[in-house]
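Quick note: residue numbers are just sequence positions, from 1.
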Amino acid sequence: LFAVDSIPAVFAVTDDPIIVFTSNIAAILGLRSLYQVLSVAVQDLVYLEKAVAVVLGFVGIKLGLEVFGFEVSSLLSLAVILGILGFGVGFSIYAQNQSEYDKKFKKTPTIVKLLNSIKDALD
């Protein structure tokens, strides 16, 4: 049931049942292993899930634009997707290091200082 929707898509490309069967097995095995990697990574990289959501939004917008005749190049799409995922991973690592630094030196987090200064300015 995992890749049932991809069977008609493969039949649109070929009528050879061996190719349909092997491509679906490869898709299932590949997606399952990718899911395992992502489930572990999401625990450590707190902004990765949000980055993936932004990537899915970008892909949806790209598909919508193609319906209206606006073509987005594959190179641009790849750059945007890698940039979003890279930013999510990088910001997660930065936030984790900042949190460890703050715990080690018992400092007030920068965002709290910023919010307190804005509050003081408004008062």
To the nearest 0.5 Å, what is the distance between [atom1] ([X]) and [atom2] ([Y])?
X	Y	atom1	atom2	result
Thr22	Asp16	OG1	CG	8.0 Å
Asp44	Ile93	CG	CD1	9.5 Å
Ile84	Leu48	CD1	CG	12.0 Å

Are [Y] and [X] linked, directly or through intermediate hydrophobic residues, by side-chain heavy-atom contacts shorter than 4.5 Å (ILVMFWY only)?
X	Y	value
Leu78	Leu65	no
Ile61	Leu82	no
Val67	Val59	no

Check [X] against [Y] and note the closest heavy-atom contact, atom names and distance.
X	Y	value
Gly88	Ala51	CA-CB, 3.9 Å
Tyr47	Ala95	CE1-CB, 3.8 Å
Val72	Ser77	CG1-OG, 3.6 Å

Could you tell me whether Leu63 atom CG has more than 12 heavy atoms of other residues or ligands within 6.0 Å of it? yes
So for atom CD, which belongs to Glu66, do other residues, nucleotides or ligands contribute more than 12 heavy atoms lying within a distance under 6.0 Å? yes
